Amino acid sequence: MFSIHGEWKIEVRGNVVVQWFSGTWNEEAIIAYVKEFRAKASPLKGSPWAIVSSFEDWELGVPAIDKHIEEHCQWFKDNGCSKDCHIYTKSAAKEMQLERLIPHTDASYERQVFTNAKDASTWLASHGFLIDGLSINRIANK
């Protein structure tokens, strides 16, 4: 077993999970992150909820994380997540890994990518998930 490489913060604000990611991730990081995410998001199960994720400081992950991400995404979709937004400056490398692993929009789930927290919070609010852009940015800057 290796040390965790990668950092994250997860906060639940009402019916929105707000998270921030940093660094290059290994398998140990994704396993620990998923465990923490499920513990924090479990109270939201049974009603619609959303996720907003800042990937601005994230630097990709090793191939071993792929299967864990796919299982994680299926878990949150199965447990009520209906809206999901990612925030990051345009990056071919990030788009390639995230677009390949994260589910695409379907009948009960929609994902959007934004370059700033204000646009992400506006989109979420238009779907009944209230979180302001400043709250998103504060989590990333803690």
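As the structure is a prediction and not an experimental result, all values here were calculated from the model. Worth knowing before you read on, the calculation uses all heavy atoms, side chains too, and leaves out hydrogens, waters and symmetry mates. The residues of the chain are indexed from 1 along the displayed sequence.
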Could you check if a side-chain atom of [X] sits within less than 4.5 angstrom of a side-chain atom of [Y], using non-hydrogen atoms only?
{"X": "Val52", "Y": "Val17", "answer": "no"}
{"X": "Gln97", "Y": "Asp66", "answer": "yes"}
{"X": "Cys81", "Y": "Trp75", "answer": "no"}
{"X": "Tyr88", "Y": "Ser53", "answer": "no"}

Flag, side chain of [X] to backbone of [Y], donor-acceptor distance under 3.5 Å:
{"X": "Glu7", "Y": "Gly23", "value": "no"}
{"X": "Asn26", "Y": "Val62", "value": "no"}
{"X": "Ser42", "Y": "Ala39", "value": "no"}
{"X": "Lys83", "Y": "Trp49", "value": "no"}

Relative to Tyr109, does Lys77 satisfy both conditions: NZ or CZ under 6.0 angstrom from the six-membered ring centre, and within 45 degrees of the ring's axis?
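Because its charged atom sits under 6.0 Å from the ring centre and within 45° of the axis, Lys77 does stack over Tyr109.
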Can you see which heavy atom on [X] is nearest to which on [Y], and at what distance?
{"X": "Gly14", "Y": "Leu44", "value": "O-CD2, 3.5 Å"}
{"X": "Leu124", "Y": "Cys85", "value": "CD1-SG, 3.7 Å"}
{"X": "Ile131", "Y": "Ser121", "value": "O-CB, 2.8 Å"}
{"X": "Ala29", "Y": "His5", "value": "CB-O, 3.2 Å"}
{"X": "Asn15", "Y": "Gly128", "value": "ND2-O, 4.1 Å"}
{"X": "His68", "Y": "Ile31", "value": "CE1-CG1, 3.8 Å"}

Please step through side-chain hydrogen bond (donor to acceptor under 3.5 Å, both in side chains) for the pair Thr89 and Glu56, ending with a clear verdict.
CA-CA 6 Å; Thr89 304; Glu56 195 63 39; 2.7 Å; yes
Hey, which of Ile51, Val113, Thr105 is the one that makes side chain to side chain contact (heavy atoms under 4.5 Å, CB included) with Asp84?
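Exactly one option meets the side chain to side chain contact (heavy atoms under 4.5 Å, CB included) with Asp84, and it is Ile51.
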If two hydrophobic side chains count as joined below 4.5 Å and joins carry through other members, does Phe55 share a cluster with Met96?
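No, it is not one cluster - the side chains of Phe55 and Met96 are not joined through contacts under 4.5 Å.
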Take the angle between the ring planes of Phe76 and His72 and call it parallel below 30°, perpendicular above 60°, tilted in between.
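Judged by the thresholds at 30° and 60°, the geometry between Phe76 and His72 is perpendicular.
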With under 30° as parallel and over 60° as perpendicular, where do the rings of Phe114 and Trp123 fit, or are they tilted in between?
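Judged by the thresholds at 30° and 60°, the geometry between Phe114 and Trp123 is tilted.
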How far apart are the C-alpha atoms of Gln19 and Lys9, what are their side-chain angles, what is the distance that settles it, and do they pass the side-chain contact (heavy atoms from CB on, under 4.5 Å) test?
CA-CA 5 Å; Gln19 47 190 6; Lys9 295 174 191 166; over 6 Å; no
Can you sort out the partners of Lys40 under side chain to side chain contact (heavy atoms under 4.5 Å, CB included), two or more places apart, ordered by chain and number?
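Only Ile10, Val12, Glu36 meet the side chain to side chain contact (heavy atoms under 4.5 Å, CB included) criterion with Lys40.
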For Leu130, which residues count as a side chain to side chain contact (heavy atoms under 4.5 Å, CB included) partner, sequence neighbours excluded?
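Listed in chain order: Ala125.
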So, using side chain to side chain donor-acceptor pair (under 3.5 Å) as the criterion, who are the partners of Gln74 when residues are at least two apart?
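Asp78.
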Distance in Å, Gln112 CD paired with His86 NE2, rounded so as to fall on 0.5 Å steps
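So the gap between those two atoms works out to 10.5 Å.
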Thr24 OG1 to Trp58 CH2 distance, which is reported to the nearest 0.5 Å
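The OG1 atom of Thr24 sits 9.0 Å away from the CH2 atom of Trp58.
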Among Trp25, Trp20, Phe21, exactly one meets ring-ring contact (aromatic ring centres under 6.0 Å, His included) together with Trp8. Which residue is that?
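That would be Trp25; it is the only one of Trp25, Trp20, Phe21 passing the ring-ring contact (aromatic ring centres under 6.0 Å, His included) with Trp8.
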Please report the C-alpha distance between Leu101 and Glu70 in whole Å, then the side-chain angles of each, then the deciding distance to 0.1 Å, and finally whether the side-chain contact (heavy atoms from CB on, under 4.5 Å) criterion is met.
CA-CA 6 Å; Leu101 295 173; Glu70 290 167 354; 3.6 Å; yes
Audit row: Arg13, Glu11, salt bridge (charged side-chain N to carboxylate O under 4.0 Å, His left out) steps and yes/no:
CA-CA 6 Å; Arg13 302 279 178 98; Glu11 291 187 13; 2.6 Å; yes
Please determine if Lys67 and Glu27 form a salt bridge, counting it only when a charged side-chain N lies under 4.0 Å from a carboxylate O.
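So Lys67 pairs with Glu27 through a salt bridge.
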